[in-house]
Chemist: 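Got a structure here, written out as structure tokens. Questions coming.
Read the numbers this way: they start at 1 and go in the same order the structure lists the ligands and their atoms.
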Amino acid sequence: MIPFNKPHLTGKETHYIYDAVGTGKISGNGKYTQLCQVFFEKKYGFKKCLLTTSCTDALEMAALLINIEPGDEVIMPSYTFVSTSNAFVLRGANIIFADSGKDNPNMDADKIEALITPKTKAIVPVHYAGIACDMDKIMQLANKYNLFVVEDAAQAIDSFYTGKDGIRKALGSIGHLAAFSFHETKNIISGEGGMLAINDPQFIERAEIIWEKGTNRSSFFRGEVDKYGWVDMGSSFLPSEIISAFLWAQLEELDNIQSKRKHIWNQYYDALKDWGKENGVELPMVSDFATNNGHMFFLVCKSMEQRTELINKLKAEQIYSVFHYLSLHKSPFYTDKHYGAELPMSDHYSDCLVRLPFYYDLSDDDIKKITSCVISHKYNR
Ligand SMILES: *Cc1c(COP(=O)(O)O)cnc(C)c1O
């Protein structure tokens, strides 16, 4: 049996958890939280990082930080996970969905400007499969219309974007704010877990307050104020040291994890590219400005029937592939709230995209078995 996902352990997780428990400081913002946050700041150039209990939480922090209010409009793709929109819906925003591109499921940057109104407050690009959105175009629009950009970088750890200026930047370091996930289905994991990256320094102080239940506890512990109290709204967004200790064990192996995952991705790509061409099935397209971070490998079939056939064929050999994301504008909660055009590309990915098994411990033999099974499947054109 080849499952779709299998969480990878580096071996040191329980060791660091044992250590965290032994120090007697197991609530949040201790040694391991600091180690992880500084690691990300140094490696990827984020101005400030705060670990959270999920990417969902990091997105909710972002919505609080940019003061989303009832009636504000937030532009994002429809082909994404519910948390991208829930975070803003919780603050009363109306979600304006942009269609995906023809080349890949990311939102089409050329379709955003027509959706901007005086009520628009933010754009939320999602770097699907860790492949960058066209950030130059998105940041230009944000500057022109004075909007905030919150990157949903849940899938995008260790992936990059090269702008027209030729400078390569980590995904999550470009927007004003960015949210990452360490859910067990992502590249780097802590079971549940996430992180807010803050790139616009005006948000740093308030982010720490919102993170710590609306108190200035973080500055109190640094000795910057002599008492702490309730200074703003907030919630409990910080993870315990037990979670951070787990994450630290993963971060020590980040380069190794990434090179193995990219190896898997490349094997899939090389084995399937000719078959894809011959059968009209699309493989992931990594634009010139983007990189591939080995987060997922997907195929885009020509129709839902073809996708179902492929999934069933794999399943018959005990290989578990999955599809996801019913377009959010068509989901039960939002269909009557959605105003605006049809989103044909979003629906296309919803109907036709299939994700192949992808995890660190997937062996070369497993990949051969999967790709042979896919290749033996011929479509009538
Ligand atoms: C996984 C994911 C999330 C949610 O992450 P959690 O850490 O589970 O809250 C949000 N957006 C996208 C695009 C994701 O893939």
Side-chain angles (χ1 to χ4, degrees), residues 4-5 7-8 36 40 49-64 74-90 95 97-98 100-101 104-107 122-133 135 138 149-159 171-172 174-175 177-197 211 235-240 243-244 246-247 250-251 261 284 290 292-298 322-329 331 333-334 346 349-350 353-355 358-359:
F4 170 68
N5 180 55
H8 169 66
C36 294
F40 285 116
C49 290
L50 293 174
L51 293 190
T52 57
T53 48
S54 64
C55 176
T56 303
D57 266 358
L59 289 163
E60 288 178 23
M61 284 184 72
L64 286 166
V74 178
I75 299 172
M76 65 180 64
S78 175
Y79 189 75
T80 183
F81 189 58
V82 289
S83 294
T84 319
S85 52
N86 262 330
F88 299 91
V89 167
L90 279 166
I95 308 301
F97 292 112
S100 294
N104 69 40
N106 285 339
M107 76 177 160
I123 306 174
V124 186
V126 179
H127 305 296
Y128 184 78
I131 298 171
C133 296
M135 292 308 290
I138 291 169
V149 173
V150 178
E151 295 177 68
D152 181 337
Q155 306 176 5
I157 195 74
D158 200 49
S159 202
L171 298 188
I174 303 165
L177 298 162
F180 289 90
S181 175
F182 307 121
H183 184 262
E184 72 165 36
T185 52
K186 306 299 202 279
N187 292 27
I188 300 294
I189 61 174
S190 62
E192 303 278 355
M195 179 172 76
L196 180 71
W211 190 57
S235 190
S236 186
F237 288 117
L238 70 175
S240 87
I243 301 272
S244 308
F246 188 113
L247 184 63
Q250 295 265 314
L251 293 186
R261 293 188 71 110
N292 154 47
N293 71 341
H295 173 58
M296 91 166 70
F297 196 87
F298 64 85
V322 301
F323 60 86
H324 66 171
Y325 300 157
L326 171 67
S327 293
L328 292 182
H329 73 286
S331 53
F333 179 65
Y334 222 79
S346 175
Y349 295 112
S350 217
L353 186 145
V354 53
R355 304 171 62 182
F358 207 113
Y359 49 89

Chemist: Using the benzene-type ring in the case of Trp, are the ring centres of Phe180 and His295 under 6.0 Å apart?
Modeler: no
Chemist: Are Tyr128 and Tyr349 near enough that their ring centres are under 6.0 Å apart?
Modeler: no
Chemist: Check whether more than 12 heavy atoms from other residues, nucleotides or ligands sit under 6.0 Å from atom OH of Tyr334, and answer yes or no.
Modeler: yes
Chemist: Measure up the Tyr79 and His324 rings against each other and bin them: parallel (under 30°), tilted (30 to 60°), perpendicular (over 60°).
Modeler: perpendicular
Chemist: Pairwise, report which nitrogen or oxygen atoms of ligand 1 are under 3.5 angstrom from protein nitrogen or oxygen atoms, and how far apart they are.
Modeler:
residue: ligand 1; atom: 5 (O); partner: Ser181; partner atom: OG; Å: 3.3
residue: ligand 1; atom: 7 (O); partner: Cys55; partner atom: N; Å: 2.9
residue: ligand 1; atom: 7 (O); partner: Ser181; partner atom: OG; Å: 2.7
residue: ligand 1; atom: 9 (O); partner: Cys55; partner atom: N; Å: 3.3
residue: ligand 1; atom: 9 (O); partner: Thr56; partner atom: N; Å: 2.9
residue: ligand 1; atom: 9 (O); partner: Thr56; partner atom: OG1; Å: 2.5
residue: ligand 1; atom: 11 (N); partner: Asp152; partner atom: OD1; Å: 3.4
residue: ligand 1; atom: 11 (N); partner: Asp152; partner atom: OD2; Å: 2.8
residue: ligand 1; atom: 15 (O); partner: Gln155; partner atom: NE2; Å: 2.8
residue: ligand 1; atom: 15 (O); partner: Lys186; partner atom: NZ; Å: 3.3

Chemist: Can you check whether Gln155's main-chain N or O pairs, donor with acceptor, with Asn293's side chain at less than 3.5 Å?
Modeler: yes
Chemist: Centre-to-centre under 6.0 Å for Phe40 and Phe182, is that the case here?
Modeler: yes
